[in-house]
Amino acid sequence: MSDRGKFQAIKGVRDILPPESALWNRVEQAGREVFGTFGFAEIRLPIFEHTELFARAVGGETDIVSKEMYTFVDRPSGELAIQRESIIEIPGFAAVKAKSEGYRPDFQRYQALLRKAIELGEVSVDQNTERQIALFDEILDSMNATEPAFHIQLLTLREFVRTIPIGENLSLRPEATASVVRAYIQHGMQVQPGNVKLYYMGPMFRRERPQKGRYRQFYQIGAEVLGPSDAPGIDAEVIEMLMAFFDRVKLKGASLSINSIGCKQCRPAYVEKLRAELEKLREQLGADSQRRIETNPLRVLDSKLEHEQAIIEKLPRIAENLCSECSAHYGEVKRQLGLRGIAYQENWRLVRGLDYYMRTTFEITATGLGSQNAVCGGGRYDGLVEMLGGQATTKGIGFAIGTDRLILSLQEQGAGETPGGAAGRAGGPDVYLAWFGAAAQTAAIGLARRLREAGFVVELPAAEMKFGKSLGLADRLKARHAVILGDNELAAGVVAVKRLADGSQQKLGELELFSYLRAERAAGEE
RNA sequence: GCGCCCGUAGCUCAGCUGGAUAGAGCGUCUGGCUAUGAACCAGAAGGCCGGGAGUUCGAAUCUCUCCGGGCGCACCA
């Protein structure tokens, strides 16, 4: 990038400008309202957490964790950091020579602090630094006091201290489920009656190749149900809520797919069966699918390659390999969806990439999004709470809506054109208050305040303009009315109101003005 | 991460096989317009042709590379 000092947004991120931002507000507001009616409450989460949280929840082997997170080492603090500073400040070889033995306790102290910090998880290290630390231990343990080896060892240690990253390892969240579960555990929410129902909305971060509807800072609206029950009715209600939300935002062509991917009991057996079957067919598969035989056989089912489709069709299906509990659960979820009148398609090839999913999985696709056509994905994750250190009996299910894609799809359907609603009135102000002369400005300021208090959107010119200019600006700002306040009106104790659409104009007192504008607003909202 | 395509005023685009001070429409600003906007008329501002390097007498145009974007793959909510 070299636009000569001009700043521009980082690759893969973007600004959401008016009037598009009005649509965002409308969508998020719809979420708050719909989720609220289902008894969900908002949780506001930090956008960064310990890297380890995501690694554990999402799965250390997934691309998300291994290469798509924005990860950084925080600056160290406390005694460890102070000790580190004093070691780094140890002068060079020649100066040290005279009294090097005196530094030994400093290193030992640092080593002890470091070990403790690692143990407590306050310092996280990768393989590379682990090697350094091991070497550090080794040298320190076997350090001998003979010259000049001692000095060399000392300076080597100093260098290690300088380069070992000792801050906490943090990451911008790539998704929010892990954070919700962390918060659930941290705040002891298992003592709350029934299941805890939470929703969230906000930015997530993934260092992916940008594409339409796929940004490095992207937004999600999601909800989770956590608690002791895994009743299929919960799965169905969560999906019902989701569909109610899409209905509320008037998303057309939303299509629901569901599947069950089994549990800890039955899935591994199925995966092995699938792997064995794929192994026999290896020669007929593409390179990617061949690789997945080892890494994640389930994802072969997702393949879009034309020539693999016939092969995939004949593979064993999980629905026929579920244990009796999972099978019953899945059946009941479908029945419960039926009770709610929710149309769905079973998609036996719908698998989830993240480790924590089990049993029910679902996905909603929308139109107008190209190959990135999923706007929402979700599923059950009964083992996750335990995996993150909570009660083993806690169950969970949730979903996340890709807000960027939802907005994109709504825009394709023309939603951007009609931003109504008082908050997101992109159509311009109700009133453009054109004043002329110092006395009129005084009156206009007061009138503007009263109009705004009554909820009207008022544009008040900050400086005096020529008459024609002022009305011209009113027009270009798409104001609905121009209220004209000059010496004539001031003297008569009225204002002139002009409806810009048809040019009709009348003189009104302030009380009449308010009732006139209210009537106009009511007419406009129909 | 891989492959293909794209990058000229704020926006949408023109610019012939390399040729002189790079154009248009829309938008913005100013004036025609001393109490009436949209229409119309006149004018102005706004570009190192995404950046850099190279080929050439000469590059917006050809080559390389970097940056940014789009589409598909991979991965994934």
Side-chain angles (χ1 to χ4, degrees), chain A residues 1-6 8-14 17 58-59 61-69 173-178 204-215 218-222 242 286-289 291-292 295-296 298-299 302-306 350-357 361-365 369-379 381 398-406 428 432 434-437 440 465-489 496-505:
Chain A
M1 203 249 304
S2 53
D3 209 348
R4 247 202 293 193
K6 274 193 203 162
Q8 61 180 79
I10 294 161
K11 175 186 181 131
V13 308
R14 60 174 179 154
L17 310 172
V58 176
E61 302 307 308
T62 60
D63 276 14
I64 294 179
V65 168
S66 60
K67 48 191 186 213
E68 290 178 358
M69 283 207 296
R173 62 185 186 185
E175 54 108 54
T177 299
M204 311 292 159
F205 303 85
R206 268 186 221 176
R207 200 178 179 292
E208 297 181 295
R209 184 84 151 81
Q211 263 177 56
K212 194 191 209 177
R214 166 178 275 195
Y215 301 96
F218 59 103
Y219 294 80
Q220 287 187 335
I221 298 172
L242 195 49
D288 283 326
S289 289
R291 179 171 46 77
R292 293 190 196 108
T295 59
N296 194 347
L298 287 174
R299 295 217 68 87
D302 244 0
S303 168
K304 294 173 189 103
L305 289 181
E306 201 56 47
L350 176 63
V351 295
R352 305 271 78 180
L354 303 192
D355 282 2
Y356 53 65
Y357 284 111
T361 62
F362 53 92
E363 184 171 289
I364 287 156
T365 55
L369 295 173
S371 68
Q372 313 293 327
N373 65 348
V375 288
C376 175
Y381 47 83
F399 63 78
I401 297 159
T403 317
D404 304 80
R405 291 189 194 171
L406 172 58
Y432 178 94
W435 56 269
F436 306 95
M465 298 167 77
K466 288 204 234 175
F467 203 93
K469 278 227 142 303
S470 203
L471 283 195
L473 187 56
D475 184 51
R476 283 177 301 154
L477 290 174
K478 296 184 167 45
R480 270 176 270 297
H481 305 91
V483 166
I484 297 162
L485 195 49
D487 292 337
N488 302 346
E489 288 79 12
V497 194
K498 188 185 187 71
R499 189 195 282 142
L500 276 310
D502 60 9
S504 64
Q505 184 170 329

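Numbered from 1 within each chain, the chains take letters A, B, ... in sequence-line order.
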- Does B:G1 pair with anything, Watson-Crick or G-U wobble, both distances under 3.5 Å, and if so, with which nucleotide? B:C73
- Item | Separation between the P atoms of B:C6 and B:C40, rounded to whole Å | 37 Å
- Message: What's A:R206 touching, base or sugar-phosphate or nothing? Going by heavy atoms closer than 4.0 Å.
- Response: sugar-phosphate
- To the nearest 0.5 Å, atom CD of A:Q220 lies from atom OG1 of A:T403 at 7.0 Å
- Message: Applying a 4.0 Å non-hydrogen cut-off, can you work out what A:K466 is touching in the nucleic acid: base, sugar-phosphate, or nothing?
- Response: sugar-phosphate
- Who pairs with B:A42 - Watson-Crick or G-U, where each distance is under 3.5 Å: B:U30
- Query: Under a 3.5 Å cut-off for both distances, is B:C64 Watson-Crick or wobble paired, and to whom?
  - Reply: B:G52
- Query: With a non-hydrogen cut-off below 4.0 angstrom, is A:G12 in contact with a base, only sugar-phosphate, or nothing?
  - Reply: sugar-phosphate
- Message: Suppose you measure atom P in B:G58 against the same atom in B:G47; what distance do you get, rounded to whole Å?
- Response: 27 Å
- Query: What is the base-pairing partner of B:A35, counting Watson-Crick and G-U wobble geometry with both distances under 3.5 Å?
  - Reply: none
- Task: Would you indicate what A:A440 reaches in the nucleic acid, counting non-hydrogen atoms under 4.0 angstrom: base, sugar-phosphate, or nothing?
- Result: nothing
- Item | Counter-base of B:G58, judged by Watson-Crick or G-U geometry with both distances under 3.5 Å | none
- State whether A:K469 places a side-chain N or O below 4.0 Å from either non-bridging phosphate oxygen (OP1 or OP2) of B:U30. yes
- Using Watson-Crick geometry (N1-N3 plus N6-O4 or O6-N4) or G-U wobble (N1-O2, O6-N3), each under 3.5 Å, B:A9 is paired with none
- Touch class at under 4.0 angstrom, heavy-atom based, for A:E175 against every strand present: nothing
- Message: Let's test this: given Watson-Crick or G-U wobble pairing with both distances under 3.5 Å, identify the partner of B:U17.
- Response: none
- Message: For A:Y432, run the side chain to side chain contact (heavy atoms under 4.5 Å, CB included) check against A:L473, A:L500, A:I484, A:D475 and tell me which one passes.
- Response: A:L473
- Item | Pairwise P distance, B:G54 and B:U61 [rounded to whole Å] | 14 Å
- Message: Say we look at B:A24 and B:A14: how far apart would their P atoms be, to the nearest angstrom?
- Response: 16 Å
- Message: Is there a side-chain contact between A:R292 and the phosphate of B:A74, meaning an N or O under 4.0 Å from OP1 or OP2?
- Response: yes
- Query: How would you label the contact of A:E363 with the nucleic acid (heavy atoms, under 4.0 Å): base, sugar-phosphate, or nothing?
  - Reply: nothing
- C1'-based separation of B:G51 from B:C13 [nearest Å]: 23 Å
- Message: If I pick the P atom on B:C2 and the same atom on B:A60, what distance separates them, to the nearest angstrom?
- Response: 31 Å
- What is the nucleic acid contact for A:G402, judged by heavy atoms within less than 4.0 Å: base, sugar-phosphate only, or nothing? nothing
- Is there a donor N/O on one and an acceptor N/O on the other, under 3.5 Å, for the side chain of A:R476 and the base of B:A38? no
- Does the side chain of A:R14 come within less than 4.5 Å of A:D404's, by heavy atoms? yes
- Message: Taking the C1' atom in each of B:C57 and B:G18, what is the distance between them to the nearest angstrom?
- Response: 12 Å
- With sugar-phosphate meaning primed atoms plus P, OP1 and OP2, does A:R173 contact a base, only sugar-phosphate, or nothing at under 4.0 Å between heavy atoms? nothing
- Message: For the P atoms, the ones on B:U21 and on B:G25, what distance do you get once it is rounded to whole angstrom?
- Response: 23 Å
- Phosphate oxygens OP1/OP2 of B:G68: is one of them under 4.0 Å from a side-chain N or O of A:K11? yes
- Just how far, in rounded Å, is C1' of B:G70 from NZ of A:K212? 9 Å
- Using a 4.0 Å heavy-atom cut-off across all strands, classify A:G503 as base, sugar-phosphate, or nothing. base
- Message: Does any part of the side chain of A:R405, heavy atoms only, come nearer than 4.5 Å to the side chain of A:K212, both counted from C-beta?
- Response: no
- Task: Determine the contact category for A:A400: base if any of its heavy atoms lies under 4.0 Å from a base atom, sugar-phosphate if only primed atoms, P, OP1 or OP2 are that close, otherwise nothing.
- Result: sugar-phosphate
- Message: Can you tell me the base-pairing partner of B:A22? Count Watson-Crick or G-U wobble geometry only, both distances below 3.5 Å, and say none if there is no partner.
- Response: none
- Does any donor-acceptor pair link the side chain of A:R214 with the base of B:C75 at a separation under 3.5 Å? yes
